[in-house]
Amino acid sequence: MAPVKPVRGTHDILPKDIGRFRHVEETAREIARRYGYGEIATPIFEFTEVFARTLGDTSDVVTKEMYSFDDRGGESLTLRPEGTAGVARAFISNGLIQNLPLRFFYRGPMFRYERPQKGRQRQFHQVGVELLGIADPLGDAEIICQGADLLDALGLSDKVTLHLNSLGDTESRATYRQRLIAYLDGHRDRLSEDSLQRLDHNPLRVLDSKDERDRAIVAAAPILTDSLNDESRRFFDAVRRGLDTAGIPYVIDPRLVRGLDYYCHTAFEFVTDALGAQGTVLAGGRYDGLIKQMGGQPTPGTGWAAGIERLAMLSEGAPPEPRPIAIVAAGEAPQSAAFALTHRLRRAGFAIDIAYTGNMGRRMSRANKVGARATVIIGEDELARGAAGVRDMESGVQEEVSLTSLETFLSRFR
RNA sequence: GCGGGAGUAGCUCAGUUGGUUAGAGCACCUGGUUGUGGUCCAGGGGGUCGCGGGUUCGAAUCCCGUCUCUCGCCCCA
């Protein structure tokens, strides 16, 4: 018999904790609304190919972190490790190319088989946006502004720094890749083992190695920016001008690269030092080649994703829930009347807490514990008079109110 | 996948060199003579001491394995 506990790297989010979680999500949704991004929900599993083909054969996500399985029909399916591939697939499947440009917002669980840590779970949740059909660099600036607005709305502006880089277009990247490999090849004997691996599979990743020895070598390595061709350079400049115009501060980080293969040009990360090793809180970039690679018409795209748990850990939390009204009955006939009244008030839109056990003291106690703003008290006496006592739980002032006018009277406690 | 730390009640923890039915505070439930909360008093429920194996007359305590959490590497949101 398996022990009764959640699978490693998964979490129950209890009612007392879910407020801040939902707050992040709803804030992101509201910002998305302002930017004209419509919400889209795609399945949490797709054919494995959707991810394998697009994220890149060498990315860690594909090679060792996917939850893949064969279904009963023998199809290889995968729990989505990120959101962009699914949105791109939906774009193609639904023939949405007719409607470009398109702005999407999404939210939901993602799955990666990783070693859990603070801010890193196997099932985690993201909000994200995708802007399809805009090749203009201002599209990149737009989504970065949106990310900055979200972080600002969550009160995180002073806890994060925006890091920005350009990976250039295909040509620029190829040029740089060659230069980098040539340079690193000359230092093979001094590179860490991890970086030797990277050198063969995904050399750009050597750039953000944290190994001391690597860092020294990387410090003197050729810089991506220097390999940008004119067009890539103009593109990058335009993105920067857009951000400058909008007053979004950033630092250029020439060593910032992306783990997934489909990125080009703009790459950015909002980073914090308040979450230990998991510093990236919202990140994204441009992926002009993705849709074509998936089999659709060539369509430019840019977007980002943010970790809800990470944002929730950083933010102060959600605005308080509205307080309920408690109903306390004394005696059997009143209990039945109280039950009916509870139903009536709930249908009228009030949040009602009712207790079924305990003496009056206990029930008042409970009303207090659930944070009731007011308590409606019904006993034999009140019932006989067709009334109830209504007690303001803050002032302690109690007055008798006729049952027929309860809704009106209670509306002041909403 | 690799390395460090931790695991006793829902929570925070105590538990003496291995020795009877494993404790505290908070939380929870009930009562304090027949209808009033945020105090107080009394009582109560709840733990296979993460799990499995070993040593021993005897293990929460020692040994091994394993799981989970946590910090870092890796990776990334």
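In what follows, chains carry the letters A, B, and so on, assigned in the order in which the sequence lines appear, proteins first and then strands, with residues in each chain numbered from 1.
What separates CD of A:Gln121 from P of B:C71 is a distance of 12 Å, to the nearest Å. Nucleotide B:C76 holds its C1' atom 17 Å from the CZ atom of A:Arg80, rounded to whole Å. One interatomic measurement links the two molecules: CG of A:Leu314 to C1' of B:A77, which rounds to 12 Å at whole-angstrom precision. Look at CZ on A:Phe268: it is 12 Å from C1' on B:A77, rounded to the nearest Å. When rounded to the nearest whole Å, the span between CD of A:Glu269 and P of B:C76 equals 9 Å. Nucleotide B:C69 holds its P atom 9 Å from the CZ atom of A:Arg115, rounded to whole Å. Rounded to an integer number of Å, the gap from A:Gln126 CD to B:C76 P is 13 Å.
A:Arg8 has a side-chain polar atom (N or O) that falls below the 4.0 Å cut-off from OP1 or OP2 of B:C69.
The pair A:Arg20-A:Asp17 does not meet the salt-bridge criterion, since no charged nitrogen lies less than 4.0 angstrom from a carboxylate oxygen. By the 4.0 Å N-to-carboxylate-O rule, A:Arg373 lies close enough to A:Asp392 to be salt-bridged with it.
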Completion exercise
Quick tally for nucleotides 30-40 of chain B: nucleotides whose base has a protein heavy atom under 4.0 Å get B, sugar-phosphate-only ones S, the rest -, giving BBS--BBBB--
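The stretch residues 10-21 of chain A has no heavy atom under 4.0 angstrom from RNA chain B at all.
A parallel orientation is assigned to the rings of A:Phe235 and A:His265, their planes being inclined by less than 30° (bins at 30° and 60°). Taking the six-membered ring where tryptophan is involved, the planes of A:Tyr37 and A:Tyr35 are perpendicular, since the angle between them exceeds 60° and thus also 30°.
Between A:Ile44 and A:Phe111 there is a side-chain heavy-atom pair separated by less than 4.5 Å.
Judged purely by distance below 3.5 Å, without hydrogens or angles, the side chains of A:Ser232 and A:Ser172 pair a donor atom with an acceptor atom. Side chain to side chain, A:Gln335 and A:Tyr356 fail the donor-acceptor criterion of an N or O pair below 3.5 Å.
Across all strands shown, B:U30 is found opposite B:A42 as a Watson-Crick or G-U wobble partner, with both distances under 3.5 Å.
Tested against A:His125 for a side chain to side chain donor-acceptor pair (under 3.5 Å), the candidates A:Glu25, A:Glu309, A:Arg310 yield a single pass: A:Glu309.
Residue A:Ala367 is classed as having no contact, given no heavy-atom separation below 4.0 Å to the nucleic acid.
Scanning atom types as modelled, one donor and one acceptor separated by under 3.5 angstrom connect the side chain of A:Arg120 and the base of B:C74.
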